[in-house]
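Right, one structure below, let's go through it.
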Amino acid sequence: MTFRALLDEIRQVVSAGLTGLGYPQESFDLSEPPRPEFGDVSSNVAFQIGKKLNRKPYDVARDFVENHLKPILGDGERGTQRSLIFSVEAHPGGYINFRANYENLAAMTLNQALENPSYGFHNVGNGTRVVIEHTSVNPNKALHVGHLRNVILGDTIYRILKTTNHNVTVLNYVDDSGLQVADIVVAFKFAGFPLEPAEKSMKFDHYCGDHVYVKINELYKTDPGLEERRRLVLKELEHDTSELARFASTIVSRVLHEQLMTCWKMKVHYDLLNFESQIVISKLWEKSFNWLKDKQIVHLAPEGKNKGCWVIKGESESADEKVIVRSDHTITYIAKDIPYAAWKLGLVQDPFYYYKFSDQWDNTSLWATTLDSSKSSKGHPKFGSADRAITIIDSRQSRLQSIISGILSQFQLIENRYHHLAYEPVTLSSKTADLLGVDIGEKHSMHMSGRKGVYVNADYVIEMAQSKAYEEVRSRNPTFSEEQLCKVAEAISISAIRYNLVKYDLDKIINFDIVESLNLEGDTGPYVQYAYARSQRLLEKSTEEISQLSFCLLNKGPETMLIKAIAKLDLVVEEAARTLKPKSIARYVHMMATAFNLFYETVPVLKEPDRVKRVTRLALVVAFCRTLKNAFYLLGIEPLNEM
RNA sequence: GGGCCCGUAGUGUAGCCAGGAUAUCGCGGCGGUCUUCGGAACCGCAGGUCGAGGGAUCGAAGCCCUCCGGGCCCGCCA
């Protein structure tokens with residue numbers, strides 16, 4: 001909060017100065033200068049004024065500072081009046097540079113961080129209801145690393161929005177009646193695949209994905225009868241009363257449980273499972289279709305290649321129209337997404353009952369939709385009908401998603417309630433492809449394919465990371481018990497994976513390399529955890545009571561850097577919540593860890609002979625811990641006392 | 001043919017939305033800290049026509065246009 005207060009104060013002072021100049025409306029930016037000699041905050045206001053007056057920025061700045069800002073600030077006297085501004089000066093470059101009053105900044109920052117357990121979590125949501133859909137992996141296979149990016153992004157955004165006072169529910173959409181489930185049903189029922197893997201220890205989702213799904217897709221090429229079977233199965237899956245549909249649902253349920261095990265291992269939280277079959281059976285589509293017709297969003301194509309189909313117009317004049325209902329009256333893939341999106345935003349009446357599906361790792365309940373009123377349980381949270389819906393799907397679905405959001409905004413005439421959060425996919429590096437036995441020639445990456453069996457399973461990555469972490473922990477902590485080793489190794493592997501998947505911009509492809517992903521040094525999860533563990537050791541070794549602090553003693557470079565870093569958490573979180581860019585939290589955490597490591601290496605704490613200095617530094621360490629811990633929560637990283 | 005995204009040292013990346021002061025942080029390389037508050041660390045050095053060209057601007061990695069290179073999407077499939 002404190003850096004925000006500093007910015008606010010500077011903004012006020014500059015505005016007041018502008019009023020003196022007769023420029024009440026002049027816009028200006030505050031930013032952090034690139035070098036410490038330039039102070040803590042800079043304003044470009046002199047450039048703006050200079051442009052209007054056709055004067056050199058430096059001349060304007062000098063005049064503005066001497067005649068309008070300094071009189072307001074009162075020549076540094078403000079230092080005694082709880083001001084956060086220490087000084088202001090005009091730089092020959094044209095910037096007006098402010099220096100912070102470090103004593104007041106330190107006092108305010110540390111007091112806030114020490115007193116408030118949820119330090120840094122700023123109310124930006126005002127209780128806005130948001131649904132986030134992520135994961136949504138077809139229930140016929142295990143998650144691979146590409147899915148994992150989706151899951152981790154979704155969960156991080158959930159954590160960011162939740163802590164900034166949004167009322168968030170997390171949805172996982174289960175396509176239990178789609179082609180991919182039909183594939184494995186065909187394999188089990190009509191191609192003689194055994195229902196259990198030969199290897200007993202193999203997870204059922206791995207068995208279905210790695211073996212059954214890949215092999216049945218190969219069989220289609222040689223046995224056309226099987227593809228015909230698939231068509232029939234697919235139709236039958238939409239009727240929950242048939243024996244085949246019941247069989248499919250047991251398979252789906254088993255795979256789904258295994259998928260959730262993977263996600264829960266990564267400390268991911270869900271609130272509700274939505275099943276596609278129920279959306280179909282509940283006639284949610286028919287209701288949505290009716291209003292699409294009423295609002296004339298869809299129309300029956302009278303002629304042309306889409307004759308007899310219900311279509312919507314393309315997004316632009318040149319774009320093709322999109323078929324929603326085929327001439328045989330069946331609905332297309334995109335049509336199935338419309339009622340779901342409408343349900344999320346409460347545009348259709350909720351046809352579902354809800355029952356408790358499972359308990360979760362974080363002592364919350366995971367709910368699921370049902371159409372059977374007798375299964376319904378009471379006490380569930382309110383689902384659907386949110387103010388905003390955020391759907392996390394990779395960028396290859398952008399076109400379809402933009403069609404859906406276009407339809408919804410036509411329906412409600414309210415923009416921006418449906419938001420597709422797109423991210424670029426994860427590819428495999430040439431080395432990793434090589435490890436899988438795939439030759440990709442001169443290319444440096446390749447796309448994964450579930451159908452072809454070319455991917456790296458999430459569980460495999462987690463396991464590799466864990467065993468690597470285990471060895472590292474053991475070599476550094478010979479006295480740890482087996483239980484401690486496992487617990488710590490798990491926490492490290494989770495942070496390594498999660499950090500690695502959120503730290504990149506959403507529109508950058510992640511070229512996944514199994515070896516590099518196991519790195520525990522540099523810009524990684526374990527690095528930031530290490531800084532935390534170091535700080536905990538300092539606190540553990542000290543028995544002194546933290547009182548009678550003297551903040552003016554925190555005047556060394558690394559100390560003020562650390563204080564400034566602590567003071568910025570809420571600004572960073574607010575920005576991340578506004579822009580839905582989780583990577584900024586990762587960058588912040590890294591900056592904090594780096595700032596602490598420098599402090600730790602250069603400023604003695606326990607060894608400091610002066611008691612007041614020592615205790616005040618300890619207070620800084622405590623504040624650092626609190627702040628980093630809160631930021632860790634957003635990333636799903638566990639703060640470790642030892643590692 | 002139409003649309004979306006990316007291009008920043010050997011390599012990966014930040015900064016781009018809201019233009020301004022010596023372009024960020026990793027990995028890799030080289031050198032140092034190495035009787036320590038835990039080396040998963042810290043410090044230093046080398047390494048850059050910010051894909052190319054043009055435009056508007058006093059000023060561009062950033063804004064606009066064109067082009068080049070790479071990836072993705074465009075079915076009565078899902």
Side-chain angles (χ1 to χ4, degrees), chain A residues 27 29 31 33-35 37-38 42 44 46-47 50-51 54 56-57 91-95 97 138 175 178-180 182 234 301 305-311 314-316 318-320 322-334 336 394-400 402 422-425 427 443-445 447 469 472-473 475-477 492 496 503-511 513 516 519-531 533-538 540-542 579 583-584 587 590-591 593-594 596-608 621 642-643:
Chain A
S27 72
D29 283 330
S31 61
R35 297 163 63 194
E37 309 91 274
F38 297 151
S42 299
N44 65 348
F47 293 101
K51 196 176 283 183
N54 201 18
K56 284 186 181 161
H91 188 271
Y95 276 102
N97 294 333
N138 272 300
D175 185 358
L179 198 67
Q180 298 200 16
L234 191 57
K305 63 172 182 173
N306 294 330
K307 187 179 176 185
C309 299
W310 288 88
V311 299
E315 310 96 297
S316 65
S318 59
D320 280 346
K322 188 86 198 157
V323 173
I324 300 293
V325 180
R326 304 187 189 100
S327 52
D328 67 356
H329 307 299
T330 58
I331 62 176
T332 60
Y333 171 67
I334 182 166
K336 291 183 191 172
D394 83 51
S395 62
R396 286 170 294 194
Q397 302 260 22
S398 289
R399 193 187 204 89
L400 291 178
S402 78
Y423 62 93
E424 291 292 317
T427 58
K443 297 195 166 191
H444 81 297
S445 70
H447 281 272
E472 297 287 330
V473 177
S475 72
R476 283 159 226 247
N477 303 278
I492 291 171
K503 76 172 182 177
Y504 299 106
D505 199 89
L506 297 178
D507 46 25
K508 284 241 163 51
I509 292 172
I510 295 181
N511 196 214
D513 186 275
E516 280 172 26
N519 188 17
L520 309 177
E521 293 167 9
D523 186 14
T524 65
Y527 171 85
V528 297
Q529 277 176 311
Y530 181 69
R534 273 181 145 183
S535 68
Q536 285 300 113
R537 306 307 290 202
L538 291 178
E540 190 187 86
K541 286 183 181 170
S542 165
T579 59
K583 69 155 185 225
S584 51
R587 295 198 69 80
H590 183 254
M591 188 261 290
T594 306
F596 177 80
N597 277 330
L598 182 64
F599 164 79
Y600 182 89
E601 304 265 352
T602 54
V603 181
V605 179
L606 301 176
K607 285 196 278 187
E608 167 58 44
V621 175
E642 338 171 67
M643 61 187 279

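Letters A, B, ... mirror the listed sequences (proteins, then strands); counts begin at 1.
Using a 4.5 Å cut-off on side-chain heavy atoms (C-beta onward), A:Gln529 and A:Ile492 make contact. Contact check for A:Val621 versus A:Phe599: side-chain heavy atoms found under the 4.5 Å cut-off. Counting only heavy atoms from C-beta outward, the side chains of A:Arg399 and A:Lys322 never approach each other to under 4.5 Å. Proximity of A:Tyr95 to A:Pro33: side-chain heavy atoms (C-beta onward) are nowhere separated by under 4.5 Å.
Contact annotation: A:His447 reaches the phosphate of B:C72 (side-chain N/O to OP1 or OP2, under 4.0 Å). Distances shorter than 4.0 Å separate some side-chain N or O of A:Lys541 from OP1 or OP2 on B:G38. For A:Lys583 and B:G15, the shortest distance from a side-chain N or O to OP1 or OP2 is below 4.0 Å. The side chain of A:Arg537 places no N or O atom within less than 4.0 Å of a non-bridging phosphate oxygen (OP1 or OP2) of B:A41.
Taking atom P on both B:C50 and B:G10, the two are 13 Å apart, rounded to the nearest angstrom. Taking atom P on both nucleotides, B:G7 is separated from B:C16 by 13 Å, rounded to a whole Å. Here, B:C74 and B:C27 have their C1' atoms 38 Å apart, quoted to the whole Å. Nucleotides B:G47 and B:U13 place their C1' atoms 16 Å apart, quoted to the nearest Å. Across B:C30 and B:A46, the matching P atoms stand 16 Å from one another, rounded to whole Å. Atom C1' of B:A52 sits at a distance of 10 Å from the matching atom of B:G69, rounded to the whole Å. Here, B:G12 and B:C17 have their C1' atoms 24 Å apart, quoted to the whole Å. If you take atom C1' in B:A14 and the same atom in B:A9, they sit 14 Å apart, rounded to whole Å.
The side chain of A:His91 lies closest to B:A21, out of B:C76, B:A21, B:C42. Of the candidates B:A78, B:G15, B:A18, B:A18 carries the atom nearest the A:Asp29 side chain, counting heavy atoms from C-beta on. Distances from the side chain of A:Pro526 to the nucleotides B:A21, B:A40, B:G12 place B:A40 closest. Side-chain proximity of A:Tyr95 to B:A78, B:A21, B:G15: nearest is B:A21. When distances are taken from the side chain of A:Glu521 to each of B:A40, B:G59, B:G15, the shortest belongs to B:A40. For A:Arg476, taking side-chain heavy atoms from C-beta onward, the closest of the listed nucleotides B:C27, B:A40, B:C42 is B:A40. The nucleotide whose nearest atom lies closest to any side-chain atom of A:Asp523 is, among B:C42, B:A78, B:G26, B:G26. Of all nucleotides listed (B:A41, B:A21, B:A40), B:A40 comes nearest to the side chain of A:Glu472. When distances are taken from the side chain of A:Arg587 to each of B:C5, B:C72, B:C25, the shortest belongs to B:C25. Comparing B:U13, B:A41, B:A78 by their closest approach to the side chain of A:Tyr333 singles out B:A78.
Applying the Watson-Crick and G-U wobble criteria (two distances, each under 3.5 Å), B:G28 pairs with nothing in any strand. In this structure B:C63 sits in a base pair with B:G55, meeting the Watson-Crick or G-U test at under 3.5 Å. Nucleotide B:C72 is matched to B:G3 when pairs are restricted to Watson-Crick or G-U wobble geometry with both distances under 3.5 angstrom. Checking B:A41 for Watson-Crick or G-U wobble geometry (two distances, each under 3.5 Å) identifies B:U33 as its partner.
No contact: A:Gly93 has no heavy atom under 4.0 Å from any strand. Across all strands, A:Ile492 comes closer than 4.0 Å to base atoms (heavy-atom distances). Within 4.0 Å (heavy atoms only), A:Asp505 reaches sugar-phosphate atoms of the nucleic acid but no base atom. Heavy atoms of A:Glu642 sit under 4.0 angstrom from at least one base atom. Residue-level contact check: A:Asn44 touches neither bases nor backbone, having no heavy atom under 4.0 Å from any strand. Counting any heavy atom pair closer than 4.0 Å across all strands shown, A:Ser42 reaches a base atom. Heavy atoms of A:Lys443 sit under 4.0 angstrom from primed sugar atoms or phosphate atoms, though from no base atom. A:Pro33 comes within 4.0 angstrom of a nucleotide base, judged by non-hydrogen atoms across all strands. A:Val621 comes within 4.0 angstrom of nothing in the nucleic acid, heavy atoms only. Among the atoms of the strands shown, none is found under 4.0 Å from any heavy atom of A:Asp513. A:Leu520 comes within contact range of at least one nucleobase, with a heavy-atom separation under 4.0 Å. Residue contacts shown for A:Arg396 are limited to sugar-phosphate atoms, with no base heavy atom under 4.0 Å away. Contacts of A:Val605 with the nucleic acid, taken as non-hydrogen atoms under 4.0 Å apart, include base atoms. Looking at heavy-atom distances under 4.0 Å, A:Val528 makes no contact with the nucleic acid at all.
Using modelled atom types and a 3.5 Å distance limit, the side chains of A:Asn597 and A:Tyr527 yield a donor-acceptor pair.
Side-chain atoms of A:Asn477 come within 3.5 Å of backbone atoms of A:Met643 as a donor-acceptor pair (strictly under, hydrogens ignored).
Closest heavy-atom contact between A:Ser327 and A:Lys307: CB-O, 4.2 Å. Taking every heavy atom of both residues into account, A:Asn306 and A:Val311 meet most closely at CB-CG1, 4.1 Å. Nearest heavy atoms, A:His590 versus A:Val528: CA-CG1, 3.9 Å.
Between the P atom of B:U33 and the CD atom of A:Glu601 lies a distance of 14 Å, rounded to the nearest Å. In this entry the distance linking NZ of A:Lys336 with C1' of B:C77 reads 11 Å, nearest Å. Rounded to an integer number of Å, the gap from A:Glu424 CD to B:G70 P is 17 Å. If you take CD1 of A:Ile509 and P of B:U13, they are 10 Å apart, rounded to a whole angstrom. Between A:Ile334 atom CD1 and B:C73 atom P the separation is 16 Å, expressed in whole Å. Rounding to whole angstrom units, CZ of residue A:Phe596 and P of B:C42 are separated by 12 Å.
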Residue pair A:Ile334, A:Ile324: steps toward the side-chain contact (heavy atoms from CB on, under 4.5 Å) verdict: CA-CA 7 Å; A:Ile334 182 166; A:Ile324 300 293; 4.0 Å; yes
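Ring stacking is absent between A:Tyr530 and B:A41, as the pair misses the limits of under 5.5 Å between centres and under 30 degrees between planes. The aromatic ring of A:Tyr527 does not sit over the base of B:A40; the criterion of centres under 5.5 Å apart with planes under 30° is not met.
If A:Ser395 and A:Lys508 are placed on RNA chain B by their nearest nucleotide, the residue sitting closer to the 5' end is A:Lys508.
Evaluation of atom-type donor-acceptor distances gives a pair under 3.5 Å for the side chain of A:Ser327 against the base of B:C76.
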